[in-house]
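Have a look at the structure below before the remarks.
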Amino acid sequence: MTEAKAVPIKDLILVPSIITLAVTLLRLVGELRDWSPALFGKQAGGGGTLVGISWLIPVFGFYFGWRLARMGHAAANAGKLVGFSILAVAVLIGIGVGAQAVKLNPIVTLFVFCLASLAALAFVFPVWPAFSRTAVAYALAARIPVAIVMLAAILGNWGTHYDVAPPDAPQVDAMAPLVKWLLIGLLPQMTIWIFTTVAGGAVFAGIASLIAGRSRAS
């Protein structure tokens, strides 16, 4: 039996996906009802707000790593996984700094980031395929609903962080709704946030694999 068939990905991501969807919907309701900005901020990107699914990345990264290790699919080299994940993030940050240094157009920068995010997955995926496949499946389950919410928010002009263009790209707000959604919704959710979920989660998954391996050996 191959590793891909042996890892029950659907079972692993089911509960985390439901929890993530619940947080997404809670975040949307909180913004629409103007609840506490500290919890439900409406700024572009939604960064720093306490209610958000990005905070779940380390939690479920650790969870997936622990479960996989206990099921006999531990990382072959957890230290390498953590190191390559950090390296991938550093490379992506470096690309962002470089894009700012040469003053690329914000939309061009977005496309560069999206392509670089997909390419950066190559740093992580081969090191622990069982985790990477699980994390990609979870990332899709988490981000597809967000992309759908963003489409509805943009079409309805809801005034949430789901339909606000980045401050460095105000021209996006003047674009047709579907074009705007493609640029600030679908493309980032299906590339940058997939990478962030996998690479960010991999750091904590590697730690979990180490701990689980030691607990089984003791």
Side-chain angles (χ1 to χ4, degrees), residues 13 16-17 20-21 23-28 31 40-49 51-58 60-61 85 88-100 102-125 132 135-203:
I13 72 169
S17 298
T20 303
L21 177 60
V23 173
T24 295
L25 295 177
L26 175 62
R27 173 74 182 271
L28 176 61
E31 291 188 40
F40 305 94
K42 297 183 180 182
Q43 65 272 26
T49 299
V51 176
I53 63 174
S54 60
W55 300 112
L56 298 177
I57 292 173
F60 290 133
S85 300
V89 173
V91 168
L92 206 61
I93 292 174
I95 291 173
V97 171
Q100 289 184 343
V102 300
K103 298 181 179 179
L104 282 181
N105 179 282
I107 295 178
V108 174
T109 300
L110 170 64
F111 278 101
V112 170
F113 251 87
C114 290
L115 291 174
S117 295
L118 293 178
L121 285 173
F123 284 93
V124 181
F125 211 96
S132 298
V136 167
Y138 165 69
L140 289 171
R143 293 296 164 178
I144 288 174
V146 174
I148 294 171
V149 168
M150 292 185 76
L151 176 60
I154 290 170
L155 291 175
N157 195 26
W158 289 348
T160 66
H161 93 278
Y162 294 107
D163 56 295
V164 178
D168 61 344
Q171 68 270 32
V172 174
D173 279 325
M175 295 179 177
L178 288 179
V179 176
K180 179 180 178 180
W181 175 64
L182 176 68
L183 291 176
I184 71 170
L186 187 63
L187 280 176
Q189 292 298 324
M190 294 297 101
T191 56
I192 297 170
W193 281 106
I194 298 296
F195 164 77
T196 302
T197 301
V198 176
V203 174

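Here, residue 1 is the first one in the sequence, and each next residue gets the next number. Both backbone and side-chain heavy atoms feed into the values below; hydrogens, waters and symmetry mates do not.
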Of the non-hydrogen atoms in [X] and [Y], which two are nearest, and what is the gap between them?
X      : Y      : result
Gly200 : Ile57  : C-CG2, 3.8 Å
Arg27  : Gly41  : NH2-O, 2.9 Å
Asn105 : Ile107 : OD1-N, 2.8 Å
Val23  : Gly52  : CG1-C, 3.9 Å
Phe195 : Ala120 : CE1-CB, 3.4 Å

Run the numbers on Met190 and Leu140 for side chain to side chain contact (heavy atoms under 4.5 Å, CB included), then give the verdict. CA-CA 7 Å; Met190 294 297 101; Leu140 289 171; 4.1 Å; yes
Pairwise distance [atom1]([X]) to [atom2]([Y]) - rounded to 0.5 angstrom:
X      : Y      : atom1 : atom2 : value
Leu28  : His161 : CG    : NE2   : 9.5 Å
Ile154 : Leu182 : CD1   : CG    : 9.5 Å
Leu121 : Ile194 : CG    : CD1   : 8.5 Å
Tyr162 : Ile148 : OH    : CD1   : 12.5 Å
Phe40  : Leu26  : CZ    : CG    : 4.5 Å
Ser117 : Trp193 : OG    : CH2   : 10.5 Å

Quick one: does [X]'s side chain get under 4.5 Å of [Y]'s, heavy atoms only?
X      : Y      : value
Gln43  : Thr49  : yes
Val198 : Phe125 : no
Pro188 : Leu110 : yes
Thr20  : Tyr138 : yes
Ile184 : Met150 : yes
Leu187 : Phe111 : yes

Within the side chain of Trp181, is there an N or O that forms a donor-acceptor pair under 3.5 Å with the backbone of Ala153? no
Check the pair Arg143, Ile53 against side chain to side chain contact (heavy atoms under 4.5 Å, CB included), reporting the backbone distance first and the verdict last. CA-CA 9 Å; Arg143 293 296 164 178; Ile53 63 174; 3.6 Å; yes
